Colleague: 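I'd like to ask some things about the structure below.
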Amino acid sequence: MKYIDLRSDTVTQPTEEMRKAMYEAKVGDDVYGDDPTVNGLEEMAAEMVGKEAALFVPSGTMGNQIAIMAHTSLGDEIIVGANSHIVQYEVGAAARLSGVSYSLVANPDDKIYKEDVLKRIREDDIHHPRTGLICLENALGNGTVVTLEEMEEVFQLAKENNIPVHLDGARLFNAATYLKVEAKEIAKYTDSVTFCLSKGLCSPVGSLLCGPKDFIAKARKMRKLLGGGMRQAGVLAACGIISLEKMVHRLEEDHENARYLARKLNGIDGLSVDLDKVQINMVFCKIQLEDFNSQDFVSYLLKKGIKVNDDKDEFRFVTNKDVNREDIDYVVKCIEEYFS
Ligand SMILES: *Cc1c(COP(=O)(O)O)cnc(C)c1O
């Protein structure tokens, strides 16, 4: 059975072209620096985000954690969003692997503004940890995008205080698509950036950590420390190259589909979507109906061939390459039927 899978964009299947490219990829031992396809991907990634160098890593989580390890010293404090992926979905790794504590920013919109940073930068005092890093996210996990102005303000303040800025740009290209700019226009307000190939860009595996040459050299060693040194990884990097060449340009289609789905859901009694917050490929839909049973709803949809996470009273639907307009019409029809 073919499922319509709206749980995430990580569920995207590699394309035919990717599978062929994997088969044909020229490979070598990447720990020796010998894999031409990995080297090619890293160069291409660095160029696209306007950084000197890049490192191919197995996951976005590893990319973020290596960045934190490479930027900070033991005992530092990092300024980071309370709802960010780094805080909520990385097993508390920064505390464990880098030995840093968190100064959390908890704004209703999940953004980090200049004023938040200003309040949190530590003075040189015998009682205080050192502020070692600011971690931003763009696009945010709530499906909205941080503007270039907001990024620039934080970055300028960080520079004035000699604090590096890392961007968790798992969906950097979605953010760039929304802002109608190149990814490097966003990344220029950061020292380092991670982005994922394995989400809307449809690769089976992989992320890139990008930054200055000396930082990436350090990061390469940290990747080895974590057991992330890979050998003939060119079979994976070959897909990554296709992601960057071909899949970046189709993200707009996912965004359009998300807006379309959002408008349709908003027309159903008891369901509401804040359309202004549908900026990338994510639709957050509140369901406020008496007797609503989310488990029952999820299993009903599954029987109809639709996969969604059980998000209780606010469901997240993520559009992606493997979900087309027709699929969305079918999803809307099934949801309408359920609530009628
Ligand atoms: C997906 C994601 C990551 C990294 O996830 P992995 O599954 O480890 O690749 C990091 N940050 C954000 C905001 C994400 O959405």
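Both ligands and their constituent atoms are indexed starting at 1 by order of listing. Predicted model only: the values in this text are computed from it and were never measured.
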Colleague: Of M62, K199, R171, which has the heavy atom at the shortest distance from atom 14 (C) of ligand 1?
Modeller: K199

Colleague: Within the 4.5 Å heavy-atom criterion, are I78 and Y102 side-chain neighbours or not?
Modeller: yes

Colleague: Do N174 and K199 have side chains that get closer than 4.5 Å, going by heavy atoms?
Modeller: no

Colleague: Within the protein, is there a heavy atom lying under 4.0 Å from atom 7 (O) of ligand 1?
Modeller: no

Colleague: Who's the nearest protein heavy-atom neighbour of atom 11 (N) of ligand 1, and how far?
Modeller: D168 OD2, 2.5 Å

Colleague: Just going by heavy-atom distances, which of G60, A170, G63 is nearest to atom 4 (C) of ligand 1?
Modeller: G60

Colleague: Please work out whether the ring planes of F297 and F339 are parallel, tilted or perpendicular, with thresholds of 30° and 60°.
Modeller: tilted

Colleague: Is it the case that ligand 1 has an N or O less than 3.5 angstrom from some N or O of S207?
Modeller: no

Colleague: I'd like to check which ligand 1 atoms, numbered from 1 as shown, lie under 4.0 Å from a non-hydrogen atom of S59.
Modeller: 8 (O), 9 (O)

Colleague: Just which atoms of ligand 1 are under 4.0 Å from any heavy atom in E137?
Modeller: 13 (C)

Colleague: Is the backbone N or O of K111 less than 3.5 Å from a side-chain atom of D109, with the two atoms forming a donor-acceptor pair by type?
Modeller: yes

Colleague: Quick check on side-chain hydrogen bond (donor to acceptor under 3.5 Å, both in side chains): which of N138, N64, T61 does D168 satisfy it with?
Modeller: N64

Colleague: Testing R171, R250, R316 one by one against D9 for a salt bridge (Lys or Arg N to Asp or Glu O under 4.0 Å), which residue passes?
Modeller: R171

Colleague: For ligand 1, is there an atom lying under 4.0 Å from some heavy atom of N64?
Modeller: yes

